[in-house]
Amino acid sequence: MANYDNLNDQQKQAVETTRGPLLILAGAGSGKTKTLTHRIAHLIHDEGVDPFNILAITFTNKAAEEMRTRVRDMVGPEADRIWVTTFHSTCIRILRRHIDRLGYDLNFTVYDTDDQKTVMKNVCKRLNIDTKNYKERTILNAISSAKDSLVSVSEYSLSTFGDFTKIVIARAYKEYQEQLKKSNALDFDDIIVLTVQLFKENPEILDFYQERFKYISVDEYQDTNKAQFELVRLLADKYRNLCVVGDDDQSIYKFRGANIRNILDFEEFYPEATVIKLEQNYRSTQNILDAANAVIANNRSRKVKSLWTSEGAGHKIRFMQLDNAYEEAETIVDEISSSVRRDDASYNDIAVLYRTNAQARLIEERLVLRGIPYNVVGGTNFYARAEIKDMIAYLKTIENGLDEVALRRIINVPKRSIGTVTIDKLLDFAEITDDSLFGAMQNADNISGLGKAGAKILNFVSLIENLRKELKAIGIAGVLNAIIEATDYYEYLKDQDEDSADDRISNVDELINKATVYEENAEEPSLTGFLEEVALVSDIDNIDNTDGRVLLMTLHSAKGLEFPRVYIAGMEDGLFPGMATISSGDSSDMEEERRLAYVGITRAKEYLTITCAKMRMLHGETQFNPVSRFVKEIPGELIDGMVPGSKISRSDYDEIDYGRGSRNFGGGYSDSRRSYGYDEGYANGGKPSARLKSYATPDARKPAMQSEIKNLNAIAGLSKGMPAGNVGELSFTTGDTVKHRKFGTGVVTGISKEPRDYKVTVDFDDYGTKIMYASFAKLEKV
DNA sequence: TTTTACTTCGTTTTT
DNA sequence: CGAAGTAAAA
């Protein structure tokens with residue numbers, strides 16, 4: 001019997017409502033994961049539901065992971081029989097078994113956005129579409145939103161109504177789908193769309209999964225698109241035990257196809273639905289909640305809710321308007337520094353949020369100068385790096401020879417004299433013989449006019465075929481090593497660019513680590529599985545705020561997270577909300593932007609500081625932005641320094657003495673300057689008032705700053721993704737006996753230093769000799 | 001084929 | 001302003 005004592009009345013009601021459609025409107029910080037996990041435990045323990053019949057869908061791997069552990073904590077190992085996964089992995093699991101019904105092979109690969117663009121480039125070339133007028137991305141976005149709303153190629157073609165742009169997109173859509181199919185590849189949207197199609201065309205398959213998943217819950221329901229709605233609808237259609245959880249006020253992914261109507265109209269679609277609102281907040285102080293409530297109340301398309309807490313009012317929200325973006329960054333970093341020094345805050349209590357990634361740079365620069373450890377979340381994905389994509393392309397080619405994007409990426413990387421001319425000949429041959437590119441390559445002997453390239457092609461083909469054969473014996477990590485060896489890939493990287501080679505090599509090493517970890521941990525490791533994991537994993541999943549770093553991220557990335565101290569930077573009309581939103585005639589755009597502000601505010605547990613700059617460089621021109629309208633929607637009495645009871649007016653802001661209340665202005669400033677020798681830039685000898693003019697020559701300092709960042713980062717061991725200052729000391733040396741979680745004990749026979757880590761060779765008592773990376777293997781000296 | 005000069009274009013991005 | 005992509009030159 002599960003224990004529900006620590007649930008509030010609404011949560012309890014949600015847990016106990018197990019039959020029929022249920023809509024849980026879960027405000028920010030209202031304990032929705034807790035409610036969902038209890039609900040699952042209740043189903044199993046009190047209603048005797050077989051875990052096998054439960055499906056819990058989330059959007060992110062991270063959310064799925066968290067829910068899985070929490071359910072396991074409550075119900076034990078039985079929990080592993082529940083499907084707790086993302087939309088995309090759910091669908092891939094289903095498609096791996098049945099996609100042959102739709103004419104694809106079961107070993108299909110998944111294309112990421114880069115791959116999509118490559119395909120679209122080819123499509124445009126083939127169809128003579130001028131990519132000046134029609135950008136690949138624009139076309140792809142149109143296709144993506146068509147797929148999101150389940151509009152097929154033929155339906156799209158029929159709905160162009162003579163609109164020339166749409167006609168072009170329709171042609172591109174058709175060709176794009178054909179190319180993907182030829183490559184036996186799916187894009188992210190296809191993963192959902194094809195599953196829906198599979199179910200619609202094969203009632204017996206649908207029925208099988210309907211019987212399997214008698215109880216379904218969907219998290220972050222406000223972010224679902226039409227295709228996902230349809231998928232869930234189909235699955236739940238038989239038993240109608242569908243529980244959706246979401247917060248319409250946190251719907252911030254419209255631009256990616258999320259349809260807020262799914263949650264707003266749930267009751268209309270399921271008239272028999274029970275609706276429960278979770279409004280008690282367990283995260284933030286009342287002041288923060290009041291601010292959030294006040295802002296979001298300006299939205300019209302929403303279900304009215306109001307967050308409250310049984311805890312106290314807490315600290316007021318601090319607002320500071322600085323003269324320019326440099327001072328904004330400096331002020332924030334100063335405050336971070338002093339709050340850690342003087343209060344009991346630690347770096348991992350703190351997050352700096354902003355609207356656009358570009359804003360991170362200035363803040364980063366100041367953090368580096370202060371030697372404050374930080375991590376920037378988002379930006380470039382690990383798997384988007386060229387060297388990683390190369391390695392993955394080799395793996396994809398081994399896995400799925402039809403994958404033309406992968407094959408063409410590596411066919412001449414590293415250089416093996418198979419140039420465009422040769423590739424074109426091969427493609428012609430493939431077209432005539434109705435074969436794939438790889439098929440043509442295998443037949444290189446029968447193609448005339450290839451000249452010397454013929455032998456090179458066959459070499460390449462046998463490399464791939466050999467690796468395919470050896471895969472079983474040497475594993476994924478082994479294959480990767482073999483690729484590097486056979487192609488002399490590291491030499492290639494060094495030839496490319498001497499400076500970045502070390503970084504790139506260590507990235508590849510990291511990929512090998514990941515492969516090793518995957519093979520050690522997965523139930524049934526396979527190349528398919530590894531590629532899937534790689535395709536469906538993002539940086540966001542690896543956010544770690546326990547390693548003593550300040551986190552910098554966009555407001556979007558912050559959804560679902562919480563921090564004791566939050567800074568929201570750049571709250572200016574023109575930046576947040578952005579210019580495009582302000583000038584858009586569609587009020588729903590502004591409402592979405594406001595929801596983003598709501599998400600930002602509700603991330604804060606104890607302290608919320610909002611900043612903006614009067615002057616800021618944007619797109620190469622200096623802009624003078626007024627204070628964000630969202631800030632003005634916060635009642636004045638909640639803001640530090642404001643006259644209680646008054647709404648703030650624009651003129652009020654200009655009167656704010658934002659120096660007040662920040663305890664260490666003068667001192668902190670001059671410290672940081674002296675130590676790094678930037679005094680010259682300041683007008684008044686390192687004793688700035690809050691109204692200090694901007695740097696005399698902000699740009700002149702840049703080159704110095706850039707190299708300074710590199711140096712400081714190197715000294716502090718701060719480069720992105722590296723645990724805070726720990727690469728170095730091993731607790732053992734050659735000859736020591738160590739213990740591994742899985743392989744047991746063994747003797748260290750060798751240690752070699754890698755750019756980022758140690759490679760340790762261990763002769764295990766029971767498993768033979770293994771080479772592993774120290775940071776992953778977690779070896780302990782015994 | 002590779003380097004270099006020039007143009008273009010600018011939110012957010014769970015998978 | 002600066003990244004990224006493209007066209008032209010070597």
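Keep in mind that this is a model prediction, so the values were computed, not measured. What's counted below: heavy atoms across the whole structure, side chains too, no hydrogens, waters or symmetry copies. Numbered from 1 within each chain, the chains take letters A, B, ... in sequence-line order.
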Check: Do A:Y489 and A:Y492 have their ring centres less than 6.0 Å from each other?
Finding: yes

Check: Honestly, is A:K614 close enough over A:F624, meaning NZ or CZ under 6.0 Å from the six-membered ring centre and within 45° of the axis?
Finding: no

Checklist line | B:dT11 to C:dT6 separation - C1' atoms, rounded to the nearest Å | finding: 25 Å

Checklist line | Whole-Å P distance, C:dA4 and B:dT13 | finding: 15 Å

I'd like a list of close polar pairs between nucleotides 3-8 of chain B and the protein, N/O only, cut-off under 3.5 Å.
none

Once you measure the plane-to-plane angle for [X] and [Y], does it fall in the parallel (<30°), tilted (30-60°) or perpendicular (>60°) bin?
X: A:F255; Y: A:H556; answer: perpendicular
X: A:H88; Y: A:F188; answer: perpendicular
X: A:F530; Y: A:Y518; answer: tilted

Check: Does some side-chain heavy atom of A:I260 sit less than 4.5 Å from a side-chain heavy atom of A:K254?
Finding: no

Check: How about A:N184 and A:N107: does a side-chain donor come under 3.5 Å of a side-chain acceptor?
Finding: yes

Note to self: Looking only at the side chains, is there a donor atom on one of A:D130 and A:N133 sitting less than 3.5 Å from an acceptor on the other?
What the structure shows: yes

Check: For nucleotides 10-15 of chain B, read 5' to 3', which letter fits each nucleotide if B means a protein heavy atom sits under 4.0 Å from the base, S means only the sugar-phosphate is that close, and - means neither?
Finding: BBBBBB

Next item on the list: Show your reasoning for whether side-chain hydrogen bond (donor to acceptor under 3.5 Å, both in side chains) applies to A:N225 and A:Y253.
Entry: CA-CA 10 Å; A:N225 60 34; A:Y253 282 105; over 6 Å; no

Next item on the list: Would you sketch DNA chain B in dot-bracket for me? Only Watson-Crick or G-U wobble pairs with both distances under 3.5 Å count, crossing pairs as [ ], other-strand pairs as |, the rest as dots.
Entry: ||||||||||.....

Next item on the list: Flag the pair A:K62 and A:E65 as a salt bridge only when some basic side-chain nitrogen lies within less than 4.0 angstrom of an acidic carboxylate oxygen.
Entry: no

Next item on the list: Can you tell me the distance, in whole Å, between the CD atom of A:E621 and the C1' atom of C:dG2?
Entry: 14 Å

